[in-house]
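Along the sequence shown, residues are numbered consecutively beginning with 1. The structure presented is a predicted model; accordingly, all values stated were derived computationally and were not measured.
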Amino acid sequence: MLYIMRHGQTQWNAQGRLQGQTDIPLNEVGRAGAAAAREKYGCIPLDVCFASPLKRALETAEIFLKGREVPIYTDDRLKEMFFGDFEGEYDVLKHPEYPIYPLFADPANYVPTGGTESYPELYARLEAFLREKVQPRLDKGENVLIVAHGAVNCCLLSIVRKTPLADIWKPFHPNCALIQAEE
């Protein structure tokens, strides 16, 4: 079985800032959220964890798996979508005039701007990761956990569930939410 978790809260999450690949650590709320998730989901058997190497995801994985014999491997392909010049911007979804707004509001028609990563680029790196790292373990009957980021997790779920790009953000999962990827 494949499980996917979003990292815990960071100060930038709390401020409504777009993080992307900017390496922001967890705040105390994020650490507490990861610990609470460990209590809530600790009974789920896991064999391996793959995590984004960005601090917020890796620390979430470490807190969540504390006391368990589950190895954690990082993979650069699990880094958050790159938001280019817009990383650090506030309340992007409240500003339709921002050039990056369509990435969230109309993903199927988004044209990359300001150095942002495109959806085809994101899908390609995540499809390769799933094919090379995850599927062989699932084929052996292992339970796999991925701890990553909002856009990455939405894309992973879109790939696994074969949902259209237009629906990539539905539903969007909160910090430290654990999702069973296969329905």
Side-chain angles (χ1 to χ4, degrees), residues 3-41 49-66 72-107 110-123 125-126 129 145-159 165 167-179 181:
Y3 298 92
I4 298 174
M5 175 179 277
R6 185 172 174 225
H7 64 78
Q9 186 188 80
T10 69
Q11 197 58 35
W12 278 25
N13 287 136
Q15 295 169 343
R17 295 179 74 181
L18 193 59
Q19 292 175 112
Q21 293 185 7
T22 304
D23 202 4
I24 306 299
L26 294 178
N27 61 18
E28 288 308 312
V29 171
R31 290 181 187 95
R38 179 179 63 234
E39 296 301 316
K40 182 176 183 178
Y41 304 114
C49 173
F50 293 100
S52 161
L54 297 178
K55 293 173 193 169
R56 59 193 184 267
L58 183 55
E59 187 178 4
T60 298
E62 291 168 347
I63 293 169
F64 179 70
L65 294 170
K66 184 178 179 181
I72 300 171
Y73 301 102
T74 60
D75 193 299
D76 283 346
R77 293 173 291 187
L78 292 175
K79 285 182 179 179
E80 179 60 297
M81 187 175 197
F82 184 59
F83 299 129
D85 296 343
F86 304 98
E87 294 194 7
E89 288 290 333
Y90 290 88
D91 298 321
V92 170
L93 291 175
K94 295 178 182 175
H95 295 280
E97 71 276 9
Y98 284 2
I100 197 170
Y101 179 83
L103 183 138
F104 303 101
D106 188 13
Y110 177 68
V111 177
T113 183
T116 59
E117 185 173 14
S118 72
Y119 279 112
E121 291 168 329
L122 179 63
Y123 271 78
R125 69 176 158 101
L126 294 175
F129 168 76
L145 171 65
I146 296 172
V147 180
H149 310 273
V152 165
N153 290 358
C154 286
C155 185
L156 288 167
L157 289 169
S158 176
I159 293 166
L165 177 57
D167 296 330
I168 191 170
W169 298 106
K170 300 173 191 170
F172 188 76
H173 304 283
N175 296 105
C176 292
L178 182 71
I179 292 95

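Remark: side-chain polar atoms of T60 are paired, donor with acceptor, to backbone N or O of G8 under 3.5 angstrom. Side chain of N153 to backbone of M5: a donor-acceptor contact under 3.5 angstrom is found. A donor-acceptor pair under 3.5 Å links the side-chain atoms of D23 to the main chain of K55, judged by distance alone. Between the side chain of R6 and the backbone N or O of H173, at least one donor-acceptor pair lies under 3.5 Å. The backbone N or O of R77 lies less than 3.5 Å from a partner atom in the side chain of R125, making a donor-acceptor pair. Within the 3.5 Å criterion, the main-chain N or O of A151 finds a donor-acceptor partner in the side chain of E80. Between the side chain of Y119 and the backbone N or O of L103 there is at least one donor-acceptor pair closer than 3.5 Å. The main-chain N or O of E87 is never found under 3.5 Å from a side-chain atom of Q19 such that the two would form a donor-acceptor pair. Looking only at distances, no side-chain donor or acceptor of E89 sits under 3.5 Å from a matching main-chain atom of F86. At least one donor-acceptor pair under 3.5 Å links the side chain of E117 to the backbone N or O of F82.
Summarising the geometry, atom CZ belonging to R38 is positioned 9.5 Å from atom CG belonging to L65; distances are rounded to the nearest 0.5 Å. Atom CG of residue L165 and atom OG of residue S158 lie 6.5 Å apart, to the nearest 0.5 angstrom. L18 CG to D91 CG: the interatomic distance, rounded to the nearest 0.5 Å, is 10.5 Å.
At least one side-chain heavy atom of H149 sits less than 4.5 Å from a side-chain heavy atom of S52. In this structure the side chain of L145 reaches within 4.5 angstrom of the side chain of L178, judged on heavy atoms. Side-chain contact check for I146 versus C49: every heavy-atom pair is 4.5 Å or farther apart.
Between E59 and R31 there is a salt bridge, since a side-chain N of the basic residue sits under 4.0 Å from a carboxylate O of the acidic one.
Ring geometry for F104 against F83 counts as tilted: the plane angle lies between 30° and 60°, on a 0 to 90° scale. Relative orientation of the F172 and W169 rings is tilted, given thresholds of 30° and 60° on the angle between their planes.
Donor-acceptor pairing under 3.5 Å is recorded for the side chains of T116 and Y110.
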